[in-house]
Amino acid sequence: MTERYKYSNDGYLNEDFRLFHLKDSSGQEKDFHFHEFDKIVILISGKVDYTVEGTTYKLEPWDILLVRHHMIHKAAIDLSVPYERIIIYLDSAYVERFAPEAGLMDCFAAAEKRRYCLMRPDAGGVERLKEALERLEKTQGDELFGAQLLRGTMLVQLLVLINRIALSDNSREKNTSESGGKIAPALSYINENLTRELSIDDMAAMCYMSRYYFMRLFKTQTGCTVHNYIRQKRLVLAARLIREGMSASAAAAECGFSDYSAFHRAFTKTFRVSPGKIKKQ
């Protein structure tokens with residue numbers, strides 16, 4: 001993939017949620033990418049560093065990582081040791097339908113707001129997490145009466161537990177050395193001002209860096225240039241606006257794309273579907 005289209009939408013979710021329990025000795029190295037669904041990563045064993053939106057987390061067994069939809073991330077895996085993990089792909093709209101007003105996705109919103117996605121439960125929390133995951137895994141493949149309802153109920157129990165852990169968790173304070181927080185002000189500024197003109201000089205000053213050093217550090221911590229990061233985030237915003245009913249041409253203009261044909265090409269390459277088809281979906 002060329003630098004211009006560095007990030008790609010990786011993985012699809014054609015159901016309400018999907019649980020993977022994976023163990024291998026080779027892992028799967030991926031470049032920076034994003035999903036259009038929310039993702040829970042729980043490390044069971046192995047050595048892996050997860051970089052999410054410029055912050056790198058050194059995961060320990062039973063750490064919980066919450067990756068909200070459209071967060072750009074990458075796993076760096078130590079291939080010398082077995083890597084076991086549970087990954088859950090999650091449709092937030094399904095959760096809201098299943099348990100309206102319950103706030104079960106608040107943990108993802110809180111992680112995004114504080115720009116820190118890691119939770120490290122205590123010993124009691126780990127035991128409760130193991131039990132909740134075991135109950136949820138047992139529902140996989142169940143086709144008996146009420147199976148879908150049972151799976152949803154077990155998922156809700158897991159999300160209740162994760163939210164409780166999030167409310168009591170202080171892992172950020174214990175792991176501040178793992179944070180790539182030097183460019184955090186710029187990342188927040190970009191995500192809050194995607195429809196406005198964005199200046200690299202302004203963002204460098206915001207982070208108290210020279211333009212050159214800022215651009216170099218930004219690419220090191222996100223895997224992409226400032227320009228392409230902004231472009232990708234604007235494509236993501238355009239996709240959301242189109243799904244909400246805005247025309248593709250209006251969404252392109254709103255997100256700063258003056259050339260619609262260039263927008264259409266970039267959009268289709270990123271999402272593997274045209275703006276018109278994503279609106280129908």
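The structure displayed is predicted, hence computed values, not measured ones.
- Using modelled atom types, one finds a donor on one side chain and an acceptor on the other under 3.5 Å when comparing T56 with T51.
- Among residues two or more places apart in sequence or in another chain, the salt bridge (Lys or Arg N to Asp or Glu O under 4.0 Å) test is passed with E96 by none.
- We find the CG-CG distance between L150 and L136 to be 9.5 Å, quoted to the nearest 0.5 Å.
- Residues satisfying the salt bridge (Lys or Arg N to Asp or Glu O under 4.0 Å) test with R151, not counting sequence neighbours, are none.
- The side-chain contact (heavy atoms from CB on, under 4.5 Å) test applied to H69 returns D38, not counting sequence neighbours.
- Checked for salt-bridge contact, R18 and D91 miss the test: no charged N lies under 4.0 Å from a carboxylate O.
- Note that CD1 of I88 is 9.5 Å distant from CD1 of I64, once rounded to the nearest 0.5 Å.
- With contacts defined as side-chain heavy-atom distances shorter than 4.5 Å, the pair T222/L187 qualifies.
- Residue-environment remark: CD (E197) stays at or below the threshold of 12 foreign heavy atoms within 6.0 Å.
- For the side-chain hydrogen bond (donor to acceptor under 3.5 Å, both in side chains) test, residues two or more places apart in sequence or in another chain that qualify with E84 are H21.
- Applying the salt bridge (Lys or Arg N to Asp or Glu O under 4.0 Å) rule to pairs touching residues 199-212 yields D201-R211, sequence neighbours excluded.
- Contact annotation: the side chain of M119 approaches that of I162 to within less than 4.5 Å [non-hydrogen atoms, C-beta and beyond].
- Across all non-hydrogen atoms, the minimal contact from A132 to L158 is CB-CD1, 4.0 Å.
- Contact record, A251 with A238: CB-O, 4.0 Å, taken as the closest heavy-atom pair.
- Here F37 and F17 keep their ring centres 6.0 angstrom or further from each other.
- In this structure, K39 contributes its side chain and L65 its backbone to no donor-acceptor pair below 3.5 Å.
- Between the CD1 atom of I242 and the CD atom of E254 there is a distance of 12.0 Å, given to the nearest 0.5 Å.
- In terms of heavy-atom proximity, Y94 sits nearest to G152 at OH-CA, 3.2 Å.
- For the pair D78 and Y83, the minimum side-chain heavy-atom distance is 4.5 Å or more.
- In this structure K138 satisfies the side-chain contact (heavy atoms from CB on, under 4.5 Å) test together with E134, sequence neighbours excluded.
- Between H35 and H73 the shortest side-chain heavy-atom distance falls below 4.5 Å.
- A heavy-atom distance below 4.5 Å is not found between the side chains of C224 and Q232.
- Qualifying salt bridge (Lys or Arg N to Asp or Glu O under 4.0 Å) partners for E244, counting only residues two or more places apart in sequence or in other chains: R240.
- Residues passing the side-chain hydrogen bond (donor to acceptor under 3.5 Å, both in side chains) test with R68, sequence neighbours excluded: E112.
- Contact detail for S274 and T268: the closest heavy-atom pair is CA-OG1, 3.6 Å.
- Residue I44 holds its CD1 atom at 12.5 Å from CG of L59, rounded to the nearest 0.5 Å.
- Partners of Y212 by ring-ring contact (aromatic ring centres under 6.0 Å, His included), not counting sequence neighbours: none found.
- Annotation: side-chain hydrogen bond (donor to acceptor under 3.5 Å, both in side chains) contacts of R135 (sequence neighbours excluded): Q157.
- Taking 4.5 Å as the limit, every side-chain heavy atom of F108 sits out of range of all side-chain heavy atoms of N163.
- A donor-acceptor contact closer than 3.5 angstrom is absent between the side chains of T139 and D142.
- The nearest pair of heavy atoms linking L43 to R85 is CA-CB, 4.3 Å.
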Exercise. Run the numbers on L118 and V52 for side-chain contact (heavy atoms from CB on, under 4.5 Å), then give the verdict.
Key: CA-CA 10 Å; L118 175 71; V52 184; over 6 Å; no

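- K182 is listed as a side-chain neighbour of Y213, based on a closest heavy-atom distance under 4.5 Å.
- Heavy-atom neighbours of Q148 CD from other residues, nucleotides or ligands within 6.0 Å: at or below the threshold of 12.
- Taking the side-chain hydrogen bond (donor to acceptor under 3.5 Å, both in side chains) definition, one finds that K47 meets it with nothing, sequence neighbours left out.
- Minimum interatomic distance between F267 and V273 (heavy atoms only, all atoms of both residues): CD2-O, 3.5 Å.
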Practice problem: Please test L155 against D16 for side-chain contact (heavy atoms from CB on, under 4.5 Å), starting from the C-alpha separation and ending with a verdict. | Solution: CA-CA 11 Å; L155 176 67; D16 298 324; over 6 Å; no

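- Residues meeting the salt bridge (Lys or Arg N to Asp or Glu O under 4.0 Å) test with D63, sequence neighbours left out: R120.
- Ion pairing between R128 and E131 fails under the 4.0 Å rule for side-chain N and carboxylate O.
- By the 30° and 60° cut-offs, the orientation of the rings of F218 relative to Y229 is perpendicular.
- Residues R265 and S261 meet the side-chain proximity criterion, which asks for heavy atoms closer than 4.5 Å.
- Between atom CG of residue L19 and atom CG of residue L133 there is a gap of 7.0 Å, rounded to the nearest 0.5 Å.
- Note: M215 CE to S210 OG = 10.5 Å, rounded to the nearest 0.5 Å.
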